[in-house]
Structures are given as C-alpha cells and as structure tokens.
Number of protein chains: 2
Amino acid sequence: MAETRWLDEHEMAAWQGFLEATSRVSRHLEQQLKDDAGLSHPQYEILVRLAAAPDGEVRMTELAEGLFTSKSGLTYQVGQLEKRGLVTRRSCPTDVRGVLAVLTPTGRRTLREAAPGHVAAVRASLIDVLDEEELTVLARALGRVGSRLRPDGAAGPVGPPAP
Amino acid sequence: MAETRWLDEHEMAAWQGFLEATSRVSRHLEQQLKDDAGLSHPQYEILVRLAAAPDGEVRMTELAEGLFTSKSGLTYQVGQLEKRGLVTRRSCPTDVRGVLAVLTPTGRRTLREAAPGHVAAVRASLIDVLDEEELTVLARALGRVGSRLRPDGAAGPVGPPAP
DNA sequence: GGCCGTCGGTTCGAATTTGAACTACATGTC
DNA sequence: GACATGTAGTTCAAATTCGAACCGACGGCC
C-alpha cells in the first residue's frame, strides 16, 4: 500500500460539509415528522412507497431495498405501522414465503396529511437552499456516489486510470 | 398555507440521491471502521478531535457539538472508549462541573493505525468519485445546508424574498 | 452573603437498529 | 421425484440512540 493520500483542505471541507449536512438534515426531518405526524422517517418512507405502488402493496424485501435498511429493521417498522392500523400484511399469492405490506385507508389518509409538511421541511432544509446549478450537480454527483455503493455492484466504470 | 409545492423530477432526483448516498456512505464507512479497527464512526471522530487538540484533551460539551450528537450519546461513547483504555476522563481545572476527555497513548496509537484505512475508504466511497467541479460545488452547497440548521441559528441571509 | 436561573454531565428507560440464527419454502440438477 | 442450495421473512440478544429527569456547581444581582 502506497503512502496515504490525506485529504487536502478542499477535500476536507467537502467531507466535513457532507457529514454535518447529513447529520443535521436527517435529525431535523426526523424531528419534524415525529412532531407533526407521529411518524419516524423510515415509517414515512414505507407509506410513500406503498402509496405509489399498484394496489398499495409491496413485497417486504423490495421495501427493505428501497429503504436501504436491513430486513429485520423493516420487519420491526412494518410491525409498528401495523399496530397503528396504517398497514396490513397479507401473504403473497405467487410465493408462499412472501409477505406483502398493504396500505390501509387510514394509512393513506395519514400519509396525505403528513406529506405537505414533510415536503415543506425537505424544501426548507435542503432543496430551496440550493441554486439551480447546485441542485443539478448534487443530483448527478450524489447519484453516482450512491449507485457505486449498491450491493449489486453496479459500480459502473471506475473512471479513467490516474494519469 | 398555500398549495404544497411538490418536488419536480429534478428536485426529487436530488433528494433521493441525497438519501441514498448518505445511507450507503455512512453504512459503508461504519462497516469499514468496525472491521478494520474495531471502532464505530462516532468513536473514530472522538479520537480524531482529541488528537487534534492541544494536550489531546477536550471538554465533553465541545466534543458533543463537533459530533452533532446528544450529550448522553457522547457520555456513552466516551464510556466505551474509556473501557478500552483509549481515552481517560479528568475533571476540568477551571470548572468543577466540567469533564475533559483525554487521549491516552494507546488511543493515539489506535487512531494512527486506523486513520489510513479510513481515509482511503472515504476517498473510495466519496471524494475520489467526484470531479473537481463537483467537489467544489458540494462543499459550498452542503456547507450552507449544514450551517443553516445549526442550533445557534447561524441561519444567515434567508435569501431574497420570492419574486 | 444568599438566591435564582442556567449550564455541564450523567443516569435512566424507551425505542430503534443490526447481524446472526432459524423456519419454511422455492429452484435447479440429476 | 429427491436432494442440495438459495431465498423470504421473522425472532432474538446486544448495542446504540434519544430525551427527560436529575444533581451539583456557576454567575449575576440584590
């Protein structure tokens, strides 16, 4: 292994900015959702995915992937939502092992009530803080960062070899 | 409250990219640190801050602010580090209430061994994935996002009122 | 000098997250 | 068809996180 390439000032600023922004934004939104809708962020995301799916139902595994969370974590959160009547489970018709999480009418209503406040908070804390160029660059750059870390190894081109 | 301004496709891409990138990067680095050095990310950050401070000691509250974590969370993590002999506590000479976390020689050595691998992982997952322009824009944009959410209300100019 | 509101840290209990079993089923191969 | 291997989801214990309650100490003020 060659000498360590430490981060220069510029890179360090980006890294620290990333850390601070992600911490604060996620904390802020978590708080907003809890206060205004009594939902955690994972729970909100579950409702969103279900609402967007045909018949409002999605396989557990598919949900877990979309949430970037572990299988057991998802089981827990769906359990919480089920307790509150926002979601139901039914077994998958084409695979006996499978389970579908299903959005209930109450769940759909809860989401409809929570969404405007949450979107407003996302805008206030992130989206509307960026100008047009920043938004574009950020989407492109972070999209690449995220996709390269996907487990399926969608690493794509590693980029040109160092000159 | 006016009509909700939903996110358009462009904004949604940025938001989703942000969510995915933050999830995956933090998960990836957490894993790398645990595997290679037996440290959690908060623990690593504590060691870094201590190593950078004169005499390797920092007040608890100051540490908590730097880590964007709660006071109790910090107490816990410093406790863990203390158990492993990487950190000691001593009471602050100028304020009886205060506590200083102090880096031990073992702690300093542990950090020195962990740092190269961690920096490499930060590069591989984020920094080296960005080109020069992206790095600059990201530092600027996320820096602004983070600072606006600081509790001290360093909100700065909110920007021109909507036209 | 004594009081009052605030600060610095810890402790506590509750909620959440994770990875490692574990069960039950699906799938491909011969 | 039977078997080996992999997949879907849950359960479990352990670790971590948060906020609220708490205690002792500080500081300003009368």
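Naming: A, B, ... by sequence-line order, numbering from 1 per chain.
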Chemist: Can you tell me the distance, in whole Å, between the CG atom of B/L67 and the C1' atom of D/dT17?
Modeler: 14 Å
Chemist: Reading DNA chain D from 5' onward, which residue's closest nucleotide shows up sooner: A/T61 or B/F68?
Modeler: A/T61
Chemist: Treating A/R109 as the side-chain partner and A/T104 as the backbone partner, does any N or O pair qualify as donor plus acceptor under 3.5 Å?
Modeler: no
Chemist: Checking all strands, does A/G98 fall into the base, sugar-phosphate, or nothing category for heavy-atom contacts under 4.0 angstrom?
Modeler: sugar-phosphate
Chemist: Assuming nearest nucleotide by heavy-atom distance, tell me which of A/D95 and A/Q80 is located more 5' along DNA chain C.
Modeler: A/Q80
Chemist: Taking 4.0 Å as the cut-off, does a side-chain nitrogen or oxygen of B/R89 come that near to OP1 or OP2 on C/dT10?
Modeler: yes
Chemist: Just by distance, do the side chain of B/Q31 and the backbone of B/H28 share a donor-acceptor pair under 3.5 Å?
Modeler: no
Chemist: Using the ring of each side chain (for Trp, its six-membered ring), is A/Y44 parallel, tilted or perpendicular to A/H118, with breaks at 30° and 60°?
Modeler: tilted
Chemist: On the nucleotide C/dT17, are OP1 or OP2 found under 4.0 Å from the side-chain N or O atoms that A/Q77 carries?
Modeler: yes
Chemist: Of all the nucleotides listed (C/dG9, C/dG19, D/dG9), which has the minimum atom distance to the side chain of A/S70?
Modeler: C/dG19
Chemist: For B/M60 and D/dC23, what is the distance between atoms CE and P respectively, to the nearest whole Å?
Modeler: 20 Å
Chemist: Figure out the CD/P separation between B/E65 and C/dG9, and round it to whole Å.
Modeler: 10 Å
Chemist: Of the nucleotides C/dG19, C/dC25, D/dC26, which has the atom closest to the B/R27 side chain?
Modeler: C/dG19
Chemist: Atom CD of A/Q43 and atom P of C/dT16: how far apart are they, to the nearest Å?
Modeler: 6 Å
Chemist: Name the closest nucleotide to the A/T69 side chain, picking from C/dT18, C/dG9, D/dC18.
Modeler: C/dT18
Chemist: In terms of side-chain heavy atoms of A/V96, which of C/dT10, C/dC25, D/dA25 is nearest?
Modeler: C/dC25
Chemist: Could you check how far OH of B/Y76 sits from P of C/dG9, rounded to whole Å?
Modeler: 20 Å
Chemist: Can you measure B/H41 atom NE2 to C/dT17 atom C1' for me and round it to whole angstrom units?
Modeler: 18 Å
Chemist: Closest nucleotide of DNA chain D for A/R59 versus for A/Q31: which of these residues is on the 5' side?
Modeler: A/R59
Chemist: Quick check: on DNA chain C, is the nucleotide nearest B/S72 upstream (toward 5') of the one nearest A/K34, or the reverse? Name the residue that is more 5'.
Modeler: B/S72
Chemist: Are the side chain of A/R49 and the backbone of A/G66 linked by a donor-acceptor contact shorter than 3.5 Å?
Modeler: yes
Chemist: Indicate whether the side chain of A/H41 and that of A/S26 have a donor and an acceptor atom separated by less than 3.5 Å.
Modeler: no
Chemist: Tell me which nucleotide among D/dT10, D/dG24, C/dG9 gets nearest to the side chain of A/V99.
Modeler: D/dT10
Chemist: Distance check needed: D/dT10 P versus A/L74 CG, whole Å only.
Modeler: 8 Å
Chemist: Would the distance check show the side chain of B/E65 and the main-chain N or O of B/E62 forming a donor-acceptor pair, the cut-off being under 3.5 Å?
Modeler: no
Chemist: Expressed as a whole number of angstroms, how long is the span from B/K71:NZ to C/dG9:P?
Modeler: 9 Å
Chemist: What about B/R97: does its side chain form a donor-acceptor pair under 3.5 Å with the base of D/dC26?
Modeler: no
